[in-house]
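Down below is the structure, laid out as C-alpha coordinates.
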Number of protein chains: 2
Amino acid sequence: MTYQQTFEALADPTRRAIFEKLRSGPCAVAEIAQHQPVSRPAVSQHLKVLHSAGLVDAKQVGTRRYYSVRREGLSELRKWVDSFWTDILENYASHIRKQMEKYNG
Amino acid sequence: MTYQQTFEALADPTRRAIFEKLRSGPCAVAEIAQHQPVSRPAVSQHLKVLHSAGLVDAKQVGTRRYYSVRREGLSELRKWVDSFWTDILENYASHIRKQMEKYNG
DNA sequence: TTTGTTGGTAAGTCATTACTTACCGTAAGT
DNA sequence: ACTTACGGTAAGTAATGACTTACCAACAAA
(Lines give C-alpha, C1' and ligand atoms only; values in the text may rest on other atoms or scores of the structure.)
Protein backbone atom coordinates (compact mmCIF):
# COMPACT_ATOMS: atom_id res chain seq x y z
CA MET A 1 0.00 0.00 0.00
CA THR A 2 2.74 2.44 -0.99
CA TYR A 3 2.58 5.30 -3.49
CA GLN A 4 4.55 3.02 -5.76
CA GLN A 5 1.77 0.45 -5.81
CA THR A 6 -0.88 3.14 -6.17
CA PHE A 7 0.67 4.65 -9.30
CA GLU A 8 1.59 1.28 -10.79
CA ALA A 9 -1.99 0.14 -10.29
CA LEU A 10 -3.47 3.19 -11.99
CA ALA A 11 -0.92 3.25 -14.82
CA ASP A 12 -2.54 0.41 -16.73
CA PRO A 13 -5.42 1.60 -18.93
CA THR A 14 -7.59 -1.46 -18.39
CA ARG A 15 -7.03 -1.31 -14.67
CA ARG A 16 -7.90 2.36 -14.54
CA ALA A 17 -11.03 1.67 -16.60
CA ILE A 18 -12.03 -0.93 -14.03
CA PHE A 19 -11.37 1.55 -11.25
CA GLU A 20 -13.44 4.18 -13.06
CA LYS A 21 -16.26 1.66 -13.40
CA LEU A 22 -16.27 1.29 -9.61
CA ARG A 23 -16.58 5.05 -9.28
CA SER A 24 -20.35 4.75 -9.63
CA GLY A 25 -20.65 2.05 -7.00
CA PRO A 26 -19.81 -1.56 -6.02
CA CYS A 27 -19.83 -4.14 -8.78
CA ALA A 28 -19.38 -7.89 -9.19
CA VAL A 29 -16.49 -9.28 -11.25
CA ALA A 30 -18.54 -10.71 -14.13
CA GLU A 31 -20.30 -7.41 -14.70
CA ILE A 32 -17.05 -5.48 -14.62
CA ALA A 33 -15.62 -7.88 -17.18
CA GLN A 34 -18.62 -7.37 -19.49
CA HIS A 35 -17.60 -3.76 -20.02
CA GLN A 36 -13.96 -4.56 -20.69
CA PRO A 37 -12.28 -5.83 -23.86
CA VAL A 38 -10.37 -8.50 -21.91
CA SER A 39 -11.22 -11.87 -20.42
CA ARG A 40 -12.68 -12.32 -16.95
CA PRO A 41 -9.49 -13.85 -15.52
CA ALA A 42 -7.62 -10.78 -16.69
CA VAL A 43 -10.09 -8.64 -14.77
CA SER A 44 -9.56 -10.82 -11.68
CA GLN A 45 -5.83 -10.25 -11.96
CA HIS A 46 -6.30 -6.51 -12.30
CA LEU A 47 -8.59 -6.46 -9.28
CA LYS A 48 -5.93 -8.29 -7.31
CA VAL A 49 -3.42 -5.57 -8.15
CA LEU A 50 -5.88 -2.81 -7.25
CA HIS A 51 -6.63 -4.60 -4.00
CA SER A 52 -3.03 -5.01 -2.91
CA ALA A 53 -2.51 -1.35 -3.75
CA GLY A 54 -5.26 -0.62 -1.26
CA LEU A 55 -7.47 1.00 -3.87
CA VAL A 56 -10.39 -1.43 -3.75
CA ASP A 57 -12.17 -3.67 -1.26
CA ALA A 58 -14.18 -6.83 -1.83
CA LYS A 59 -17.31 -8.15 -0.17
CA GLN A 60 -18.45 -11.69 -0.77
CA VAL A 61 -22.19 -12.26 -1.28
CA GLY A 62 -23.02 -15.81 -2.22
CA THR A 63 -20.78 -16.76 -5.10
CA ARG A 64 -20.42 -13.14 -6.08
CA ARG A 65 -17.67 -10.78 -5.03
CA TYR A 66 -18.62 -7.12 -5.00
CA TYR A 67 -15.65 -4.84 -5.44
CA SER A 68 -15.75 -1.20 -4.40
CA VAL A 69 -13.40 1.76 -4.19
CA ARG A 70 -11.54 1.97 -0.89
CA ARG A 71 -11.74 5.57 0.31
CA GLU A 72 -8.54 5.40 2.35
CA GLY A 73 -6.52 4.39 -0.70
CA LEU A 74 -7.86 7.25 -2.76
CA SER A 75 -7.26 9.59 0.16
CA GLU A 76 -3.57 8.63 0.27
CA LEU A 77 -3.15 9.51 -3.38
CA ARG A 78 -4.99 12.76 -2.83
CA LYS A 79 -2.65 13.67 0.01
CA TRP A 80 0.43 13.07 -2.13
CA VAL A 81 -0.84 15.21 -4.99
CA ASP A 82 -1.98 17.96 -2.64
CA SER A 83 1.31 18.16 -0.76
CA PHE A 84 3.18 18.23 -4.05
CA TRP A 85 0.86 20.94 -5.32
CA THR A 86 1.39 23.04 -2.20
CA ASP A 87 5.15 22.70 -2.49
CA ILE A 88 5.14 23.76 -6.12
CA LEU A 89 3.03 26.82 -5.44
CA GLU A 90 5.34 27.69 -2.56
CA ASN A 91 8.51 27.22 -4.58
CA TYR A 92 7.09 29.08 -7.53
CA ALA A 93 6.24 31.98 -5.22
CA SER A 94 9.76 32.06 -3.79
CA HIS A 95 11.16 31.86 -7.30
CA ILE A 96 9.16 34.95 -8.27
CA ARG A 97 10.35 36.64 -5.09
CA LYS A 98 13.96 36.00 -6.06
CA GLN A 99 13.33 37.41 -9.53
CA MET A 100 11.85 40.54 -7.97
CA GLU A 101 14.82 40.99 -5.63
CA LYS A 102 17.14 40.58 -8.55
CA TYR A 103 15.63 43.59 -10.29
CA ASN A 104 14.60 45.73 -7.33
CA GLY A 105 17.73 45.47 -5.22
CA MET B 1 -0.98 14.93 -22.18
CA THR B 2 -3.68 12.50 -21.14
CA TYR B 3 -4.32 10.94 -17.75
CA GLN B 4 -2.89 7.80 -19.26
CA GLN B 5 0.46 9.48 -19.84
CA THR B 6 0.36 11.14 -16.44
CA PHE B 7 -0.09 7.87 -14.56
CA GLU B 8 2.36 5.96 -16.74
CA ALA B 9 4.94 8.65 -16.16
CA LEU B 10 4.56 8.58 -12.39
CA ALA B 11 4.38 4.78 -12.16
CA ASP B 12 8.11 4.27 -12.61
CA PRO B 13 10.01 4.66 -9.31
CA THR B 14 13.05 6.33 -10.85
CA ARG B 15 10.88 8.71 -12.78
CA ARG B 16 8.89 9.61 -9.70
CA ALA B 17 12.13 10.14 -7.79
CA ILE B 18 13.22 12.58 -10.50
CA PHE B 19 9.89 14.32 -10.29
CA GLU B 20 10.20 14.52 -6.51
CA LYS B 21 13.65 16.01 -6.90
CA LEU B 22 12.13 18.80 -9.00
CA ARG B 23 9.66 19.47 -6.21
CA SER B 24 12.22 21.70 -4.52
CA GLY B 25 12.93 23.70 -7.66
CA PRO B 26 14.37 23.65 -11.20
CA CYS B 27 17.43 21.48 -11.81
CA ALA B 28 19.83 20.62 -14.63
CA VAL B 29 20.04 17.09 -16.01
CA ALA B 30 23.52 16.24 -14.72
CA GLU B 31 22.63 17.21 -11.19
CA ILE B 32 19.42 15.20 -11.27
CA ALA B 33 21.40 12.20 -12.50
CA GLN B 34 23.88 12.53 -9.63
CA HIS B 35 21.15 11.70 -7.15
CA GLN B 36 19.87 8.71 -9.10
CA PRO B 37 21.22 5.15 -9.29
CA VAL B 38 20.98 5.14 -13.09
CA SER B 39 23.02 6.61 -15.95
CA ARG B 40 22.55 10.14 -17.30
CA PRO B 41 21.03 8.95 -20.60
CA ALA B 42 18.47 7.00 -18.61
CA VAL B 43 17.57 10.23 -16.79
CA SER B 44 17.25 12.01 -20.14
CA GLN B 45 14.84 9.35 -21.31
CA HIS B 46 12.79 9.66 -18.14
CA LEU B 47 12.66 13.43 -18.50
CA LYS B 48 11.40 12.99 -22.04
CA VAL B 49 8.54 10.86 -20.77
CA LEU B 50 7.72 13.34 -18.00
CA HIS B 51 7.81 16.15 -20.55
CA SER B 52 5.48 14.53 -23.06
CA ALA B 53 3.16 13.77 -20.16
CA GLY B 54 3.09 17.51 -19.54
CA LEU B 55 4.51 17.14 -16.05
CA VAL B 56 7.77 19.04 -16.56
CA ASP B 57 9.12 21.95 -18.60
CA ALA B 58 12.66 22.67 -19.75
CA LYS B 59 14.57 25.91 -20.11
CA GLN B 60 17.86 26.00 -21.97
CA VAL B 61 20.65 28.11 -20.42
CA GLY B 62 23.91 27.73 -22.30
CA THR B 63 24.62 24.03 -22.62
CA ARG B 64 22.48 23.29 -19.59
CA ARG B 65 18.80 22.39 -19.55
CA TYR B 66 16.92 23.28 -16.42
CA TYR B 67 13.89 21.11 -15.86
CA SER B 68 11.04 22.17 -13.61
CA VAL B 69 7.61 20.95 -12.60
CA ARG B 70 4.84 22.15 -14.88
CA ARG B 71 1.99 23.34 -12.69
CA GLU B 72 -0.72 22.73 -15.27
CA GLY B 73 0.25 19.07 -15.50
CA LEU B 74 0.07 18.58 -11.78
CA SER B 75 -3.20 20.48 -11.72
CA GLU B 76 -4.74 18.06 -14.20
CA LEU B 77 -3.87 15.11 -12.01
CA ARG B 78 -5.23 16.93 -9.00
CA LYS B 79 -8.53 17.53 -10.78
CA TRP B 80 -8.89 13.85 -11.63
CA VAL B 81 -8.25 12.71 -8.08
CA ASP B 82 -10.52 15.38 -6.63
CA SER B 83 -13.44 14.59 -8.93
CA PHE B 84 -13.04 10.90 -8.15
CA TRP B 85 -12.87 11.67 -4.46
CA THR B 86 -16.04 13.78 -4.63
CA ASP B 87 -17.91 11.02 -6.44
CA ILE B 88 -16.89 8.43 -3.90
CA LEU B 89 -17.95 10.56 -0.96
CA GLU B 90 -21.24 11.23 -2.72
CA ASN B 91 -21.86 7.54 -3.33
CA TYR B 92 -20.96 6.72 0.23
CA ALA B 93 -23.38 9.37 1.49
CA SER B 94 -26.24 8.04 -0.63
CA HIS B 95 -25.43 4.53 0.52
CA ILE B 96 -25.77 5.63 4.15
CA ARG B 97 -29.01 7.39 3.25
CA LYS B 98 -30.41 4.16 1.83
CA GLN B 99 -29.39 2.26 4.95
CA MET B 100 -31.21 4.82 7.10
CA GLU B 101 -34.38 4.60 5.02
CA LYS B 102 -34.27 0.84 5.30
CA TYR B 103 -34.49 1.01 9.07
CA ASN B 104 -36.56 4.17 9.56
CA GLY B 105 -39.27 3.67 7.01
C1' DT C 1 40.34 26.14 -33.92
C1' DT C 2 40.62 22.85 -30.56
C1' DT C 3 39.08 21.03 -26.11
C1' DG C 4 35.74 20.13 -22.53
C1' DT C 5 31.07 20.08 -20.79
C1' DT C 6 26.29 19.19 -21.25
C1' DG C 7 22.67 16.45 -22.78
C1' DG C 8 19.74 14.21 -26.37
C1' DT C 9 19.36 9.97 -29.46
C1' DA C 10 20.29 5.08 -31.34
C1' DA C 11 20.61 0.29 -30.83
C1' DG C 12 20.54 -3.70 -28.26
C1' DT C 13 19.40 -6.51 -24.00
C1' DC C 14 16.98 -8.24 -20.16
C1' DA C 15 13.10 -8.15 -17.03
C1' DT C 16 8.49 -7.17 -16.35
C1' DT C 17 3.72 -7.57 -17.27
C1' DA C 18 -0.78 -7.96 -19.44
C1' DC C 19 -2.95 -11.30 -21.72
C1' DT C 20 -4.66 -15.98 -23.01
C1' DT C 21 -6.59 -20.87 -22.02
C1' DA C 22 -7.09 -24.48 -18.77
C1' DC C 23 -8.26 -25.69 -14.36
C1' DC C 24 -10.26 -25.89 -9.70
C1' DG C 25 -12.99 -24.64 -5.52
C1' DT C 26 -17.32 -22.88 -3.71
C1' DA C 27 -22.04 -21.59 -3.33
C1' DA C 28 -26.88 -21.87 -5.12
C1' DG C 29 -30.67 -24.08 -7.69
C1' DT C 30 -32.97 -28.30 -9.45
C1' DA D 1 -26.36 -35.65 -5.56
C1' DC D 2 -25.87 -33.10 -9.91
C1' DT D 3 -25.47 -29.04 -12.45
C1' DT D 4 -24.69 -24.31 -13.28
C1' DA D 5 -22.77 -19.71 -12.13
C1' DC D 6 -19.08 -17.16 -10.19
C1' DG D 7 -14.43 -16.12 -9.69
C1' DG D 8 -9.59 -16.99 -8.24
C1' DT D 9 -5.09 -19.30 -9.68
C1' DA D 10 -1.51 -21.61 -12.86
C1' DA D 11 1.29 -21.72 -16.80
C1' DG D 12 2.84 -20.04 -20.96
C1' DT D 13 3.47 -16.22 -24.43
C1' DA D 14 4.17 -11.87 -26.61
C1' DA D 15 4.85 -7.08 -26.05
C1' DT D 16 6.44 -3.33 -23.52
C1' DG D 17 9.87 -0.70 -21.30
C1' DA D 18 13.89 0.54 -18.37
C1' DC D 19 18.47 0.14 -18.69
C1' DT D 20 23.19 0.03 -20.79
C1' DT D 21 27.09 1.77 -24.04
C1' DA D 22 28.24 4.30 -28.07
C1' DC D 23 27.59 8.24 -30.53
C1' DC D 24 26.67 13.01 -31.94
C1' DA D 25 25.36 18.09 -31.71
C1' DA D 26 25.73 22.53 -29.39
C1' DC D 27 27.68 25.86 -26.69
C1' DA D 28 31.82 27.65 -23.83
C1' DA D 29 36.54 28.23 -22.64
C1' DA D 30 41.43 27.95 -23.89
Side-chain angles (χ1 to χ4, degrees), chain A residues 1-22 24-70 73, chain B residues 1-22 24-70 73:
Chain A
M1 236 190 64
T2 60
Y3 288 132
Q4 187 49 44
Q5 288 178 293
T6 307
F7 282 111
E8 265 176 12
L10 296 175
D12 182 81
T14 305
R15 210 146 50 215
R16 214 174 52 261
I18 291 171
F19 194 57
E20 292 264 12
K21 163 75 178 138
L22 296 180
S24 52
C27 194
V29 178
E31 210 215 304
I32 298 173
Q34 269 180 2
H35 301 281
Q36 299 304 323
V38 298
S39 69
R40 189 199 43 75
V43 172
S44 265
Q45 288 159 15
H46 283 309
L47 285 167
K48 189 180 183 181
V49 174
L50 287 168
H51 180 74
S52 59
L55 287 169
V56 302
D57 265 339
K59 199 168 92 176
Q60 188 99 28
V61 178
T63 66
R64 298 212 174 112
R65 289 190 124 225
Y66 288 93
Y67 279 90
S68 56
V69 174
R70 185 168 165 274
Chain B
M1 236 190 64
T2 60
Y3 288 133
Q4 187 49 43
Q5 288 178 293
T6 308
F7 282 113
E8 264 176 13
L10 296 174
D12 182 81
T14 305
R15 209 147 49 215
R16 215 173 52 260
I18 291 172
F19 194 59
E20 292 263 11
K21 162 76 178 137
L22 296 180
S24 53
C27 195
V29 178
E31 211 215 304
I32 298 173
Q34 270 181 3
H35 300 282
Q36 298 305 322
V38 297
S39 69
R40 189 198 45 74
V43 171
S44 264
Q45 288 160 15
H46 283 309
L47 285 167
K48 189 180 182 180
V49 174
L50 287 168
H51 180 74
S52 60
L55 287 169
V56 302
D57 265 338
K59 198 169 93 178
Q60 189 98 25
V61 178
T63 65
R64 297 211 174 111
R65 289 189 125 225
Y66 289 93
Y67 279 90
S68 56
V69 173
R70 184 167 165 276

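Applying the 3.5 Å distance criterion, the base of dG7(C) shares a donor-acceptor pair with the side chain of R40(B). Between the side chain of E31(B) and the base of dT6(C), no donor-acceptor pair of N or O atoms lies under 3.5 Å. Not a single donor-acceptor pair, N or O on each side, falls under 3.5 Å between the base of dT6(C) and the side chain of Q60(B).
Here the side chains of V49(B) and R15(B) are in contact, with some heavy-atom distance below 4.5 Å. Annotation: side chain of L22(A) is in contact with side chain of I32(A) (closest heavy-atom distance under 4.5 Å). You'll find the side chain of Y67(A) reaches within 4.5 Å of the side chain of R65(A), heavy atoms only.
Mapping E8(A) and S39(A) onto DNA chain C by nearest heavy atom places E8(A) closer to the 5' end of the strand. Checking V49(A) against V29(B), the closest nucleotide of DNA chain C that is more toward the 5' end is the one next to V29(B).
Between Y67(B) and the phosphate of dT6(C), there is no side-chain N or O to OP1/OP2 separation shorter than 4.0 Å. For the OP1/OP2 pair of dT9(C) and a distance below 4.0 Å, the side-chain nitrogens and oxygens of K48(B) include at least one atom meeting the criterion. At least one side-chain nitrogen or oxygen of S44(A) sits closer than 4.0 Å to the OP1 or OP2 atom of dG8(D). A close approach under 4.0 Å does occur between a side-chain nitrogen or oxygen of R65(B) and OP1 or OP2 of dG8(C). Taking 4.0 angstrom as the limit, T14(B) places a side-chain polar atom (N or O) nearer than this to OP1 or OP2 of dC19(D). For Y66(B) and dT6(C), the shortest distance from a side-chain N or O to OP1 or OP2 is not below 4.0 Å.
When each of dT9(C), dA26(D), dG7(C) is scored by its nearest atom to the side-chain atoms of R64(B), the top-ranked nucleotide is dG7(C). Picking from dT20(D), dT9(D), dA18(C) the nucleotide with the shortest atom distance to the side chain of P41(B) gives dT20(D).
Here the straight-line distance linking atom CD of Q5(A) with atom OG of S52(A) works out to 5.5 Å at 0.5 Å rounding.
What separates NE2 of H46(A) from P of dG7(D) is a distance of 16 Å, to the nearest Å.
No donor-acceptor contact under 3.5 angstrom links the side chains of Q34(B) and R40(B), judged on distance only.
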